[in-house]
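Here, residue 1 is the first one in the sequence, and each next residue gets the next number.
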Amino acid sequence: GNKSAALTALLESRIRTAVSPLEGALTDEFFTTVSSRVQDALPEVVPASYEYVERTLALEGDLTSAMRQMPSEDFEQVLHPVFQEDEWILCLLGAVLGGIAGACQVP
């Protein structure tokens, strides 16, 4: 894509850092070849790493536990930004439904 040049530069930089003790013995062609091979392997390697990362970090369990211990006011502050953009729609919908429910109760 349009960021492949940036990814290539990043990979080559990281590879150079990792093998810096051998810097004088390695050619630019070596870094280009290794970077290319890493890029070719990424589509296969990255999806395979998801399960490992989820298991290792165990974020879901930690977040669930932390949110259950959270006071309701703090929990609301976590969720509020998610709904803030569409809050006016929720309020309008609540008013309309409330009006309909009220109208249904009047004989």
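- Residue Arg68 holds its CZ atom at 12.0 Å from CG of Leu63, rounded to the nearest 0.5 Å.
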Side-chain donor/acceptor pairs under 3.5 Å, residues 33-56, sequence neighbours excluded:
unit_1, atom_1, unit_2, atom_2, d
Thr33, OG1, Glu29, O, 2.8
Gln39, OE1, Thr8, OG1, 3.1
Gln39, NE2, Thr8, OG1, 3.2
Ser49, OG, Val46, O, 2.6
Thr56, OG1, Tyr52, O, 2.7

Which side-chain N or O atoms in residues 69-91 pair as donor and acceptor under 3.5 Å with protein atoms at least two apart or in another chain?
unit_1, atom_1, unit_2, atom_2, d
Glu76, OE2, His80, ND1, 3.3

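- Put simply, the side chain of Thr17 gets close to the backbone of Ser13: a donor and an acceptor are under 3.5 Å apart.
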